[in-house]
K.L.:
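Handing you this structure, nothing more for now.
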Amino acid sequence: MVIKAELKDLSTVAKLAVQMWEDNTVEDLKREFEEILSKGKGRFFLKYENDIPVGFAQCQLRSDYVEGTETTPVGYLEGIFVREEYRHKGYAKELLAACEEWSKEGGAEEFASDCELDNTVSYRFHMAMGFTEANRIICFTKKILK
């Protein structure tokens with residue numbers, strides 16, 4: 001079963017998310033997720049198997065430019081994760097479908113996402129779910145000396 005996560009569910013979402021975004025803490029992610037949910041432009045979904053939370057997806061409506069799209073707003077997959085022992089059961093596809101439906105209800109005609117250049121698992125998932133590669137980029141940063 002996939003459910004729309006509410007404020008009361010964000011600890012569960014954060015506990016799953018920290019397994020993907022390992023440089024964060026559960027507490028930091030929970031605070032960030034509370035802010036996103038309160039602004040109303042983002043949504044989290046949880047996937048359960050036998051009352052066990054096994055995955056989540058985070059999506060958002062973006063009105064800024066989204067690479068490869070032509071309309072606004074654009075539904076955007078910010079993150080998706082399924083615990084390893086529950087993969088290859090179609091759960092990520094269910095979570096993605098919930099995100100796409102929510103985005104459509106919010107006025108989006110297009111849906112987008114991204115992944116790191118070396119994340120082949122994510123790349124294969126996106127391609128299998130019908131995404132089209134729009135571009136490849138390398139981003140740079142530089143400290144400005146005072």
Side-chain angles (χ1 to χ4, degrees), residues 1-69 72-141 143:
M1 154 180 65
V2 172
I3 66 159
K4 268 187 196 178
E6 303 299 336
L7 283 172
K8 65 179 176 56
D9 302 309
L10 293 183
S11 288
T12 302
V13 173
K15 287 174 186 171
L16 289 165
V18 79
Q19 295 176 62
M20 179 173 63
W21 294 314
E22 297 171 346
D23 291 343
N24 295 276
T25 67
V26 171
E27 296 77 26
D28 288 342
L29 287 172
K30 184 179 179 221
R31 275 192 299 277
E32 180 183 328
F33 295 166
E34 286 171 348
E35 184 177 334
I36 290 167
L37 204 56
S38 69
K39 289 183 179 177
K41 289 284 186 179
R43 177 52 71 185
F44 299 87
F45 293 92
L46 279 166
K47 171 65 183 175
Y48 284 87
E49 180 180 279
N50 300 322
D51 297 324
I52 298 168
V54 299
F56 88 99
Q58 175 189 354
C59 55
Q60 185 170 317
L61 290 176
R62 290 191 177 186
S63 296
D64 55 334
Y65 175 71
V66 175
E67 191 76 39
T69 63
T72 191
V74 173
Y76 204 89
L77 183 65
E78 302 290 346
I80 190 165
F81 173 81
V82 174
R83 289 175 40 197
E84 192 167 350
E85 63 270 28
Y86 293 94
R87 293 180 186 165
H88 306 292
K89 295 183 173 191
Y91 294 166
K93 185 176 185 176
E94 288 179 50
L95 288 161
L96 177 61
C99 289
E100 290 175 352
E101 184 60 32
W102 177 81
S103 297
K104 190 173 10 175
E105 291 168 5
E109 296 177 12
E110 295 177 277
F111 197 82
S113 184
D114 64 65
C115 72
E116 298 290 329
L117 287 173
D118 62 350
N119 190 340
T120 56
V121 172
S122 181
Y123 180 83
R124 286 193 306 268
F125 166 75
H126 283 86
M127 298 306 286
M129 294 298 107
F131 285 90
T132 301
E133 185 176 325
N135 196 7
R136 288 183 179 236
I137 63 170
I138 297 174
C139 301
F140 298 93
T141 64
K143 298 284 186 198

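Everything quoted here is computed from the prediction, not taken from an experiment.
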K.L.:
As an exercise, state the distance from OG1 of Thr12 to CD1 of Ile52, rounded to the nearest 0.5 Å.
P.N.:
12.5 Å
K.L.:
Would you indicate whether Glu109, at its atom CD, is surrounded by more than 12 heavy atoms from other residues, nucleotides or ligands within a distance under 6.0 Å?
P.N.:
no
K.L.:
Kindly give the heavy-atom pair with the smallest separation between Pro73 and Gly106, and that separation in Å.
P.N.:
CG-O, 3.9 Å
K.L.:
Looking only at non-hydrogen atoms, find the nearest pair between Leu37 and Gly42 and report the distance.
P.N.:
CD1-O, 3.8 Å
K.L.:
Working to the nearest 0.5 angstrom, can you tell me the gap between Asp9 CG and Leu16 CG?
P.N.:
11.0 Å
K.L.:
Can you name the one residue among Ile80, Val54, Val2 that meets side-chain contact (heavy atoms from CB on, under 4.5 Å) with Tyr91?
P.N.:
Val54
K.L.:
When you measure from the side chain of Arg43 to the backbone N and O of Cys99, does any donor-acceptor pair fall under 3.5 Å?
P.N.:
no
K.L.:
Taking atom CD of Glu49 and atom OH of Tyr86, what is their separation to the nearest 0.5 Å?
P.N.:
5.5 Å
K.L.:
Evaluate the criterion salt bridge (charged side-chain N to carboxylate O under 4.0 Å, His left out) for residue pair Glu27 and Lys30; output intermediate values, then yes/no.
P.N.:
CA-CA 5 Å; Glu27 296 77 26; Lys30 184 179 179 221; over 6 Å; no
K.L.:
Could you give the distance from CD (Glu67) to CD (Glu133), rounded to the nearest 0.5 Å?
P.N.:
10.5 Å
K.L.:
Search all heavy atoms of Ser113 against all heavy atoms of Leu77 and return the closest pair with its distance.
P.N.:
OG-O, 3.4 Å
K.L.:
Considering non-hydrogen atoms only, spot the tightest contact between Val66 and Tyr76 and give its length.
P.N.:
CG1-CE1, 3.7 Å
K.L.:
Looking only at heavy atoms, which two atoms of Gly55 and Leu95 are closest? And how far apart?
P.N.:
C-CD1, 3.9 Å
K.L.:
Would you call the rings of Phe33 and Phe56 parallel, tilted or perpendicular, taking 30° and 60° as the class edges?
P.N.:
tilted
K.L.:
Apply salt bridge (charged side-chain N to carboxylate O under 4.0 Å, His left out) to the pair Lys39 and Glu35, showing each step before the final yes or no.
P.N.:
CA-CA 6 Å; Lys39 289 183 179 177; Glu35 184 177 334; 3.3 Å; yes
K.L.:
Can you tell me how far apart CZ (Arg87) and CD (Glu84) are? Round to the nearest 0.5 Å.
P.N.:
5.0 Å
K.L.:
For the side-chain contact (heavy atoms from CB on, under 4.5 Å) test, which of Arg83, Lys89, Glu94 pairs with Lys47?
P.N.:
Glu94
K.L.:
Just how far is it from atom OH of Tyr123 to atom CZ of Phe131, taken to the nearest 0.5 Å?
P.N.:
12.5 Å
K.L.:
Looking at Lys104 and Glu101, is there a salt bridge between them, counting it only when a charged N and a carboxylate O are closer than 4.0 Å?
P.N.:
yes
K.L.:
Between Gly40 and Trp102, what is the shortest heavy-atom contact and its length?
P.N.:
O-CZ2, 4.3 Å
